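The next block holds one structure in the form of structure tokens; read it before the comments.
Note that the structure is a prediction, hence the values are computed from the model and not measured.
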Amino acid sequence: MAANGVQQVFAPVLAAHSTMSSAADRAQKEQAHQFLEQFQKSDEAWTTTLAMLEANNVDAAAKLFAATTLKGKIVYDLHQLPRETLPKLRETLIRNLATFHAGPKPIRLQLCVCLANLAIQMTEWKDVLPLILSTLGADPSTLPCVLDFLRVLPEEVTHGRKIALTETELQMRTSELIEENAQQALGLLVQYAQSSSAAAQNPQLLNCITSWMREVSIEDIIKSPLLAVVFDALSSPEPFEAAVECVCALIAETRDVDETTNSILILYPKVLSLGPKLAQAAADEDTETYKGIARIFAEAGEAWCLLIARVPDQFRGLVEVVLQTAALDKERDAISHTFKFWYDLKQYLTLEKYTPARQQFADIYAKLVDIMIGHLEYPKPESGDEKDLFEGDREQEEKFREFRHQMGDVLKDCCEVMSVTECLQKPYNLIQAWVQTYASQAGPNHVPEWQKLEAPLFAVRAMGRMVSPEESAMLPQLIPLMVQIPDHPKVRFQAVMALGRYTEWTAQHPETLQPQLDFIMGAFEHGSKDVIRAAALSFKFFCNDCASSLVGFIGPLQQFYTKYLNILPVSSQEEITDGVASVVAKAPLEQLYPTLKLYCDPVLQSIVALANEAKDEPAQKLLADKINLLTIFVEVVRPHVPPTQEHPAVKYCQEVFPMLGNIISHFSKSVPVLERVCRCWRYMVLSYRTAMRPLLPSLATQLVQGFEASRQGCFLWATASIVREFSAGAEEFDASLTNDVFQFYEQQAKTFLRILSDLPPEDLPDMIEDFFRLAGEMAMYYPTESISSPLMETILLAACSSLTLLKEEPIIATLHFLRDLLGYGRNLSPSSSFDNSRHEVPEQIQTRVKQLVAAAGIQLVQRIMTGMMYSFPEGCFPDASGVLLDLFELMPEQVAGWVQQTVGMLPQGSITSQESERFLNNIRQRIQTGDIRMIRTILQDFTTSYRRRNVAPREGLGRLEASRFRFSG
């Protein structure tokens with residue numbers, strides 16, 4: 001009966017657990033997930049999990065779930081148990097550990113974590129290590145439990161902030177458990193390592209050494225027999241991975257090279273001695289060993305980089321083995337470990353004080369360029385199928401593409417250490433060698449050994465950012481060579497992209513412009529879509545940087561632009577538009593209007609044609625993309641026009657404006673179209689600023705009507721640009737304009753508030769974000785008008801309502817608005833809104849803010865604390881606690897009362913009365929001492945602890961832990 005009774009206790013848990021890992025439907029799994037989540041936080045989970053662990057008829061996966069749940073209970077819910085029951089819990093954990101001494105390993109490890117977290121909180125338990133050794137260390141079969149416990153104890157103490165101990169209590173417990181036990185732990189590890197050859201190669205031992213590395217003096221470890229144990233373990237397959245981790249941790253502890261020089265001098269020859277092992281692993285194609293040794297070399301290089309720069313003769317051997325790592329890595333599996341080292345070393349070598357080291361390593365960096373260009377080569381498929389170079393292995397293809405760009409960064413590092421001319425010489429020599437060997441064999445459909453041509457072209461492209469426009473040795477030879485390369489898709493792509501990197505140089509060498517531009521414009525007729533996209537991007541760069549040279553070709557460029565405008569992919573249309581707009585922007589002021597009209601009218605014709613036929617969503621998306629081309633012209637063509645002269649670009653905007661207004665009216669339900677029109681209008685204001693004043697009334701009307709009709713936040717986003725540009729502080733504006741802009745804002749605000757009263761905030765996250773960004777702009781630029789407005793009470797309540805959202809961006813926008821508003825109450829203007837040297841906030845505005853807070857403060861405090869405890873995304877915490885701090889600095893006593901009311905509303909059992917009282921007392925003490933700023937930390941710690949315990953999902957749910965482990969002893 002007793003056994004059946006126990007089984008009945010956990011039968012629902014087993015059923016839910018089984019459902020989670022079964023083929024049940026989504027609704028059943030969701031229901032099971034919720035049940036298990038509630039179970040993990042319940043009082044009965046204590047007895048149920050222990051019963052599951054000790055039952056014979058519960059499988060390993062469910063027992064792992066029980067152990068994981070028990071860990072969460074000890075970390076977060078120990079307050080649920082009477083203090084006098086803790087010794088019994090300790091005995092039960094030790095007994096269960098002994099039961100699982102042979103595995104499964106994940107369960108044994110979780111029970112060790114349970115015991116470690118109990119030890120941290122059970123401050124009356126003083127003999128932690130002696131008790132564990134006496135109960136589990138005497139029997140060889142339970143030694144794995146001791147090693148696991150030794151491993152997790154320092155890790156859990158380090159992460160002790162999850163536990164409900166004060167900072168002082170945690171520091172004291174850290175001293176008792178770690179600092180006072182460090183030498184004993186070291187002695188135990190040495191004793192175990194020397195007990196047998198098998199013990200010395202036990203990965204558990206190495207994991208323990210790694211875990212205690214930060215707690216024991218690095219010199220003590222290096223002088224002990226453990227150093228030999230760790231390096232010897234690199235020669236055996238089973239402990240190899242753990243040994244690599246241990247060696248890397250040892251090296252990492254020596255990063256302060258001045259403090260650990262003696263330790264480094266002992267480690268250095270041992271690290272160098274691994275060179276033959278790396279070469280052997282490469283010869284044997286032993287990928288895992290190769291990657292492990294490569295990681296050690298890279299870790300050593302990064303840690304001792306400063307010493308390498310200081311004493312290059314002594315540490316040259318390390319740089320050479322890192323170079324060897326890159327050279328021997330045929331599969332490019334380990335080369336990524338070296339990238340950061342080359343960057344770090346470059347950072348030192350480019351300092352004037354390390355010039356001797358720079359000269360010392362110039363030959364190594366020269367070899368590195370050769371190695372990197374070699375690794376840049378595409379593979380030659382065994383099947384001979386040039387269309388599938390990776391023979392279906394898409395993961396390998398993606399990794400290769402990513403590594404290419406990282407290797408390109410290494411080439412940039414080489415350029416800084418060597419001269420750019422020397423670096424460019426290497427790919428030039430390779431291209432020249434290819435031309436001499438294979439150019440005569442190349443035909444329209446056949447380019448032999450194209451990989452050997454494409455890789456140096458990629459290298460030239462990668463180095464582009466490092467090459468000065470004044471370079472005169474290599475580029476005059478390289479550029480003419482590149483525009484003559486054969487027409488292989490990948491080679492042509494790389495050549496076109498490479499030329500696009502040197503447009504600043506071309507701008508200073510206009511005699512080379514024509515052949516390059518012909519080469520790129522010719523690529524628009526290529527059969528490869530990738531080549532065409534590359535051509536559009538490079539064309540943009542050429543026009544951007546060489547616009548002054550191209551302004552004499554306005555006509556031919558316009559013909560080219562019109563020809564390709566409607567046949568390129570959207571991104572390429574935008575790029576060539578950006579390019580030609582740069583040239584238009586260089587047109588003389590008297591010719592700017594007709595030039596702008598010449599280029600933009602074809603775009604307008606396309607917009608009108610699409611608008612007449614855009615019946616469905618894809619067609620409306622095309623229309624929106626075409627409107628964006630018009631915006632690019634507005635964004636790029638920004639001439640300086642004297643205030644007394646008619647602005648040619650604004651003149652063209654006046655012609656365009658009615659058409660855009662008609663589109664807004666006709667497509668009031670198409671979000672992409674509305675957003676692109678609003679973006680266009682916004683850039684008209686940003687680009688032409690006060691010259692747009694003649695259009696302001698019409699623009700304001702369109703934005704108000706458009707927002708009312710569509711309820712889309714993009715109209716608020718465009719409104720904000722007007723608020724900024726025509727702000728109240730601008731001297732050239734009169735009071736009537738200020739009033740007009742404020743009335744315009746009020747109309748938008750009333751519409752927003754009306755919409756928010758009709759719909760729940762979760763239906764309007766983007767609009768809420770846009771509105772509170774706009775409201776923040778108003779508070780900054782029109783503080784007197786916006787804060788004094790009767791609408792502000794309702795806006796503040798809308799902010800409270802908006803804080804119930806779960807999405808980060810609108811919450812942050814709302815919190816930023818609140819912080820700006822509260823700043824005025826504390827005489828801290830968020831801008832230079834008030835025109836005097838100290839930016840004093842007028843007394844009536846400060847009083848007004850305090851009145852607003854007095855009316856809505858309780859709702860604000862409740863919403864923000866509830867958000868921090870339950871629902872806010874993590875990125876909102878700094879601003880949320882910032883608003884609470886602002887409130888405390890504004891009216892501390894009242895806010896403390898509101899906080900107390902909020903805590904009093906928390907569900908029963910979610911927090912103990914002692915915790916609540918300690919939290920509130922801490923706040924009262926800070927108010928009494930005037931140390932208000934510390935309240936922010938108190939609030940963050942309290943809400944974070946509450947959330948971890950009561951809201952955050954515990955471990956063991958979702959994809960069940962059982963699926964991650966193989967249950968072998």
Taking the side chain as everything from C-beta on, heavy atoms only, tell me whether I296 gets closer than 4.5 Å to L234. yes
Assess whether ring-ring contact (aromatic ring centres under 6.0 Å, His included) is satisfied between H405 and F458, documenting all intermediate values. CA-CA 9 Å; H405 290 287; F458 183 96; 5.7 Å; yes
Flag, side chain of D329 to backbone of T325, donor-acceptor distance under 3.5 Å: no
Is the shortest side-chain N to carboxylate O distance from E398 to R394 below 4.0 Å? no
Do the side chains of L131 and W125 get nearer than 4.5 Å, heavy atoms only? yes
Closest approach of A200 and V229, non-hydrogen atoms and distance? O-CG1, 3.3 Å
I would like to know whether M407 and I335 meet side-chain contact (heavy atoms from CB on, under 4.5 Å); could you show each step before the answer? CA-CA 9 Å; M407 288 187 277; I335 195 170; 4.2 Å; yes
Nearest-0.5 Å distance that lies between atom CZ in F341 and atom CH2 in W304: 11.5 Å
Looking at A119, is its backbone amide N or carbonyl O close enough to the side chain of R173 to form a donor-acceptor pair, meaning the two atoms are under 3.5 Å apart? yes
Would you say Q40 and T69 are linked by a side-chain donor-acceptor pair, where the criterion is simply a distance under 3.5 Å? yes
Donor-acceptor contact below 3.5 Å, side chain D284 vs main chain D286: no
For I178 and W212 the tightest heavy-atom approach is O-CZ3, 3.8 Å
Euclidean distance, C208 SG relative to L186 CG, rounded to 0.5 Å: 12.0 Å
Verdict with supporting geometry, L118 and L78, side-chain contact (heavy atoms from CB on, under 4.5 Å): CA-CA 8 Å; L118 180 62; L78 202 62; 4.2 Å; yes
So, T142 side chain and C145 main chain: donor-acceptor pair closer than 3.5 Å or not? no
Give a yes-or-no answer on whether the side chains of Q201 and S236 include a donor-acceptor pair shorter than 3.5 Å. yes
Heavy atoms only: give me the nearest C112-D148 pair and the separation to one decimal. SG-CB, 3.4 Å
Can a donor-acceptor pair be found, under 3.5 Å and without considering hydrogens, that links the side chain of Y268 to the backbone of S263? no
Determine, for E245 against R295, whether the closest basic-nitrogen to carboxylate-oxygen distance falls under 4.0 angstrom. yes
Verify whether one side chain among D220 and Q183 offers a donor that lies under 3.5 Å from an acceptor in the other. yes
Close side-chain approach of L368 to V417, heavy-atom, < 4.5 Å: no
Would you say K330 has more than 12 foreign heavy atoms packed within less than 6.0 Å of its NZ? no
Please round to the nearest 0.5 Å and tell me the distance separating atom CD of Q324 and atom OG1 of T338. 12.5 Å
CD/E124: more than 12 non-hydrogen atoms of other groups inside 6.0 Å: yes
Between CD1 of I266 and NZ of K223, what distance do you get to the nearest 0.5 Å? 7.0 Å
Answer whether the closest heavy-atom distance between the side chains of R108 and P144 falls below 4.5 Å. yes
Show, in sequence, the C-alpha distance, side-chain angles and deciding distance for K346 and D409, and conclude whether the salt bridge (Lys or Arg N to Asp or Glu O under 4.0 Å) test is met. CA-CA 12 Å; K346 177 264 298 184; D409 290 337; over 6 Å; no
Between Y192 and N202, a side-chain donor and acceptor under 3.5 Å: yes
Verify side-chain contact (heavy atoms from CB on, under 4.5 Å) between V410 and Y343, making sure each step is shown before the conclusion. CA-CA 7 Å; V410 175; Y343 173 80; over 6 Å; no
Would you say Q347 has more than 12 foreign heavy atoms packed within less than 6.0 Å of its CD? yes
Under the salt bridge (Lys or Arg N to Asp or Glu O under 4.0 Å) criterion, do R404 and E454 qualify, and how do the steps go? CA-CA 12 Å; R404 284 191 116 199; E454 193 271 352; 2.5 Å; yes
T174 side chain to L170 backbone, donor-acceptor under 3.5 Å: yes
Answer yes or no: is there a side-chain heavy-atom contact under 4.5 Å between K399 and F403? yes
Test item: Q121 side-chain N/O and I74 main-chain N/O as donor-acceptor pair under 3.5 Å: yes
Check against salt bridge (Lys or Arg N to Asp or Glu O under 4.0 Å), E397 and R401: CA-CA 6 Å; E397 182 176 4; R401 290 180 190 277; 2.9 Å; yes
Using only atom types and a distance under 3.5 Å, with no angle test, would you say the side chain of R151 pairs donor to acceptor with the backbone of N207? no
Contact between L349 and I308 at the side-chain level, heavy atoms closer than 4.5 Å - yes or no? no
Could you tell me whether the side chain of H375 and the main chain of A326 form a donor-acceptor pair under 3.5 Å? yes
Just wondering, do D344 and F339 contact through their side chains at under 4.5 Å, heavy atoms? no
If we only count heavy atoms from C-beta on, is the L97 to F149 side-chain gap below 4.5 Å? no
side-chain contact (heavy atoms from CB on, under 4.5 Å) for Y290 and E331? Distances and angles first, verdict last. CA-CA 11 Å; Y290 191 92; E331 300 301 319; over 6 Å; no
If you count heavy atoms of other groups shown closer than 6.0 angstrom to CD of Q425, is the number above 12? yes
More than 12 non-hydrogen atoms from neighbouring residues, nucleotides or ligands closer than 6.0 Å to CZ on R465, yes or no? no
How about CZ on R214, more than 12 heavy atoms from neighbouring residues, nucleotides or ligands closer than 6.0 Å, or not? no
OG1 of T260 to CG of L250, rounded to nearest 0.5 Å, is 11.0 Å
Just by modelled atom types, is the C415 backbone N or O under 3.5 Å from a matching donor or acceptor in the S419 side chain? no
Does a sphere of radius 6.0 Å around CD in Q406 hold more than 12 heavy atoms from other residues, nucleotides or ligands, not counting ones at 6.0 Å or beyond? yes
I'd like to know whether OH of Y378 has more than 12 heavy-atom contacts from other residues, nucleotides or ligands below 6.0 angstrom. yes
Distance, nearest 0.5 Å, that separates CG of L430 from CD1 of I373: 5.5 Å
Applying salt bridge (Lys or Arg N to Asp or Glu O under 4.0 Å) to K63 and D59, what does each step give before you reach the verdict? CA-CA 6 Å; K63 287 191 175 188; D59 65 23; over 6 Å; no
Report yes or no: do N262 and E219 form a side-chain donor-acceptor pair below 3.5 Å? no
